[in-house]
Amino acid sequence: MKELELLQNVDTAINFTDNIDKEIELTGQVSNIRILGWGAFIILRTPRYTIQTVADKNSVSLDLSTIAVESTVKVRGVVKNSNIKDISIYPRDIEISLNYIETISAPSISPLPIDTTKKELNISLETQFDLRPLSLRHPKLRSIFKISAAIFNEFGNFLTNNGFTRICSPKIVFSGAEGGANIFNIDYFNKKAFLAQSPQFYKQMMVGVFGRVFETGPVFRAEKHDTSRHLNEYISLDIETALSGGFEELVQIESAVLNSIFSKMKETCKYEIDLLNIEVPEITKIITYKFNEIKEIIFQEYKKDFRGENDLCPEEERLISKFVKEKHNSDFVFVTHYPTEKRPFYAAHDPSAPKESLSFDLLFRGLEITTGGQRLHRYEDYIAKMSKLGMNVESFESYLQCFKYGMPPHGGLGLGLERLTSLLCNLSNVKEASLFPRDVNRLEP
RNA sequence: GACCAUGUAGCGAAGACGGUUAUCGCGCCGGCCUGUCAAGCCGGAGAUCGCGGGUUCGAUCCCCGUCAUGGUCGCCA
């Protein structure tokens, strides 16, 4: 038996201002080393900091030329004020003047096949992903995932603080929510099962339990699309809530969530915002256009006629975003009332105009990042709609229980984490916002 | 899946009417530098030009095939 001490503090944070001219100890990985005649500047990557240390070759016993990039080192040194220009370093107003440095772990092979010490990584996407455990060590790539984490966290915190309950629904499911072709089949103890395309059914069921729920987790799409905005596994930020008003309430909730994410990001991600040169937006007014209005605007303003088609193509998404930016100075536009036939069976429609669904997409800087809408909530409506679409009602019995025994009017939305991250960080491909992207051709790393 | 591009050193690129030793930057190796700013200066090593076939006296370059990657689109978050 061995009893371990209960830690009062597991953080690695250091109060530098209280430790000026005092000696501290740090362990970190060498992200860069600049050797000069008298010594070296060694940049250390630690969980909280990327910090500059300074080693005079006469003050430390270790031969500085033996220190390879990505070595793990333990150092002791005195905290000094400094004024560092390199914005990949944080904090920049202090540095550590070393008395001692020891290599804890040295790489077996050095150098890295890619150069993570430069301002830009300057490698192809393929190389970036093939060497993901290494490329992610670059300050700019790390920052992308700090931004992503900030979005993820504040999405959950804001909703939790506003009466939503976090749920975790199964990813191995009995049936798909969106239809058959784009769903991954798996063998589940000799039974047919699927990987969830969406937590849709479960989050609806849980509205009957908690009233307001959210989930942040992976979803899987088996589509053989291979584009800069698609992943076969992505993180879906999902909301589902009972509605007291119309489906527009969802638009307002999402706007509030996004604004909360953006303002929190400005607070906690100053370093990343600076490093990635991110322009953090804010929704100051909620701009909505009906689907049919969009088609007319595109025709009137840009002389392109897509009015016959019942979906928006990427070009239309870009054009309408441009239009809204110029006319309303907004990076965001909600497109409402999509054709009912383009929406899944559970989508509610306008009783006075059955062809128009009570749903919306959110376009951000030219790309769709959210689909949402009000759902059907009456059992009879489900039976009627599913029968009309030729669906097998019996096979959805476990899902339909909640409606049979009473559900409030409700709706929800799904926000693509990687899409939002990539647009915020000005990435050209959504895969860059996924740690280990899964696409048609990539299963590892 | 369709269409269009691209495969040249560890990484990112240039190249040529089809003709000696294939060019540049980064990294690497050696040297220099008492404060660097994702360092600097000098020198050096490093490439079966994606793979297979064809045309040719001769192919990294032209042709055919193939594989891989990227872009646009279908579809979607």
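Chain letters run A, B, ... following the sequence lines, proteins first, then strands; residues in each count from 1. Keep in mind that this is a model prediction, so the values were computed, not measured.
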[X] (side chain) donor-acceptor with [Y] (main chain) under 3.5 angstrom:
X	Y	result
A:Ser260	A:Ala256	no
A:His138	A:Lys140	yes
A:Ser422	A:Leu427	no
A:Ser395	A:Asn392	yes
A:Arg166	A:Val213	no
A:Asn162	A:Phe158	yes
A:Lys355	A:Tyr338	no

Among the nucleotides [options], which one has an atom lying closest to any side-chain atom of [X]?
X	options	value
A:Asn32	B:C26, B:A38, B:U36	B:A38
A:Thr127	B:A39, B:A77, B:C11	B:C11
A:Lys118	B:C76, B:C37, B:G27	B:G27
A:Arg34	B:A38, B:G12, B:C33	B:A38

Rounded to whole Å, please give me the gap between [atom1] in [X] and [atom2] in [N].
X	N	atom1	atom2	value
A:Ile114	B:A38	CD1	P	19 Å
A:Leu312	B:C73	CG	P	13 Å
A:Ile67	B:C28	CD1	C1'	18 Å
A:Asp115	B:A38	CG	C1'	9 Å
A:Asn122	B:A14	CG	P	12 Å
A:Ile35	B:C32	CD1	C1'	13 Å

(request) Give a yes/no on whether any side-chain N or O of A:Lys342 is located under 4.0 angstrom from OP1 or OP2 of B:C76. (result)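 Yes, such a contact exists.
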(request) Answer yes or no: does a side-chain N or O of A:Lys85 lie under 4.0 Å from OP1 or OP2 of B:U36? (result)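 Answer is no, no contact under 4.0 Å.
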(message) Using the rule given for side-chain contact (heavy atoms from CB on, under 4.5 Å), can you reason through A:Tyr289 versus A:Thr336, listing the C-alpha separation, both sets of side-chain angles and the distance that settles it, and then say yes or no?
(response) CA-CA 6 Å; A:Tyr289 280 96; A:Thr336 64; over 6 Å; no
(message) Before you tell me yes or no, could you show the steps for A:Phe332 and A:Phe364 under ring pair (Phe, Tyr, Trp, His ring centres under 6.0 Å), namely the whole-Å CA-CA distance, both residues' side-chain angles and the distance that decides it to 0.1 Å?
(response) CA-CA 5 Å; A:Phe332 299 87; A:Phe364 173 47; 4.5 Å; yes
What interatomic distance, in whole Å, is found between [atom1] of [M] and the corresponding atom of [N]?
N	M	atom1	value
B:U8	B:C73	C1'	31 Å
B:C51	B:G10	P	13 Å
B:G15	B:C37	P	33 Å
B:C17	B:C61	C1'	11 Å
B:U36	B:U23	C1'	31 Å
B:G30	B:U69	C1'	37 Å

(message) When you compare the side chain of A:Leu435 with that of A:Leu136, does any pair of heavy atoms fall below 4.5 Å?
(response)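 The answer is yes; the side chains approach within 4.5 Å.
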(request) Taking the side chain as every heavy atom from C-beta outward, state whether A:Phe201 and A:Phe174 have any pair of such atoms under 4.5 Å apart. (result)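 A side-chain contact under 4.5 Å exists here.
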(request) Within residues 356-373 of chain A, find the residues that approach RNA chain B with a heavy atom at under 4.0 Å, and present them sorted by residue number. (result)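 Per residue number, the list reads A:Glu368, A:Ile369, A:Thr370, A:Thr371.
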(message) Under 4.0 Å, heavy atom to any atom of RNA chain B: which of residues 86-107 of chain A qualify?
(response)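 RNA chain B contact set from residues 86-107 of chain A: A:Asp86, A:Ser88, A:Glu95.
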(request) Measure from the ring centre of A:Trp38 to the centre of the six-membered ring in the base of B:U34, then say whether that distance is under 5.5 Å and the planes meet at under 30°. (result)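 Check failed, A:Trp38 does not stack on base of B:U34.
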(message) For the base of B:G35 and the side-chain ring of A:Phe41, does the geometry meet a stacking cutoff of under 5.5 Å between centres and under 30° between planes?
(response)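 No; by the centre-distance and plane-angle rule, A:Phe41 does not count as stacking on B:G35.
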(request) Establish, yes or no, whether the cationic atom of A:Arg375 lies under 6.0 Å from the six-membered ring centre of A:Tyr346 and within 45° of the ring axis. (result)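 Not flagged: A:Arg375 not positioned over aromatic ring of A:Tyr346.
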(request) Would you kindly compare A:Thr117 and A:Ile123 by the position of their nearest RNA chain B nucleotide and give the one closer to the 5′ end? (result)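 With A:Thr117 and A:Ile123 compared, the 5'-side residue is A:Ile123.
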(request) Show your reasoning for whether side-chain contact (heavy atoms from CB on, under 4.5 Å) applies to A:Leu424 and A:Met265. (result) CA-CA 11 Å; A:Leu424 277 174; A:Met265 187 180 290; 3.8 Å; yes
Categorize [X] for me: base, sugar-phosphate, or nothing, with a 4.0 angstrom heavy-atom threshold over every strand shown.
X	answer
A:Leu231	base
A:Gln52	base
A:Leu121	nothing
A:Gln128	nothing

(message) Apply ring pair (Phe, Tyr, Trp, His ring centres under 6.0 Å) to residues A:Tyr49 and A:Phe16 and explain how you reach the verdict.
(response) CA-CA 11 Å; A:Tyr49 315 108; A:Phe16 291 110; 5.0 Å; yes
Between protein and nucleic acid, restricted to nucleotides 68-72 of chain B and to nitrogen or oxygen atoms under 3.5 Å apart, what atom pairs and distances do you find?
| unit_1 | atom_1 | unit_2 | atom_2 | d |
| --- | --- | --- | --- | --- |
| B:G71 | OP1 | A:Asn429 | ND2 | 3.0 |
| B:U72 | OP2 | A:Ser228 | OG | 3.3 |

(message) For A:Tyr202 and A:Glu240: C-alpha separation, side-chain torsions, deciding distance, then whether side chain to side chain donor-acceptor pair (under 3.5 Å) applies.
(response) CA-CA 10 Å; A:Tyr202 295 97; A:Glu240 198 77 16; over 6 Å; no
(request) Mark up nucleotides 42-48 of chain B, 5' to 3', with B wherever a protein heavy atom is under 4.0 angstrom from a base atom, S wherever such an atom reaches only the sugar-phosphate, and - elsewhere. (result) -------
(request) Run the numbers on A:Ser169 and A:Glu215 for side chain to side chain donor-acceptor pair (under 3.5 Å), then give the verdict. (result) CA-CA 8 Å; A:Ser169 66; A:Glu215 169 153 9; 2.9 Å; yes
(request) Report the distance from atom CG of A:Asn429 to atom CD of A:Glu432, rounding to the nearest 0.5 Å. (result)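 So the CG of A:Asn429 and the CD of A:Glu432 are separated by 5.5 Å.
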(message) Nearest 0.5 angstrom please: A:Asp331 CG to A:Glu282 CD, how far?
(response)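 Interatomic distance, A:Asp331 CG to A:Glu282 CD, rounded to 0.5 Å: 11.0 Å.
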Return a table of donor-acceptor pairs under 3.5 angstrom between the side chains of residues 72-81 of chain A and protein atoms on other chains or two or more places apart.
| unit_1 | atom_1 | unit_2 | atom_2 | d |
| --- | --- | --- | --- | --- |
| A:Arg76 | NH1 | A:Glu25 | OE1 | 3.3 |
| A:Lys80 | NZ | A:Asp21 | OD1 | 3.3 |

(message) Can you tell me whether the base of B:C17 sits syn or anti, using the 90° cut around 0 to define syn?
(response)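 The base of B:C17 is oriented syn (glycosidic angle within 90° of 0).
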(request) Please list every stem that involves RNA chain B, where a stem is a run of 3 or more consecutive Watson-Crick or G-U wobble pairs with both pairing distances under 3.5 Å. (result)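 Expected stems, ordered by start: B:1-7 with B:67-73, B:10-13 with B:23-26, B:28-32 with B:40-44, B:50-54 with B:62-66.
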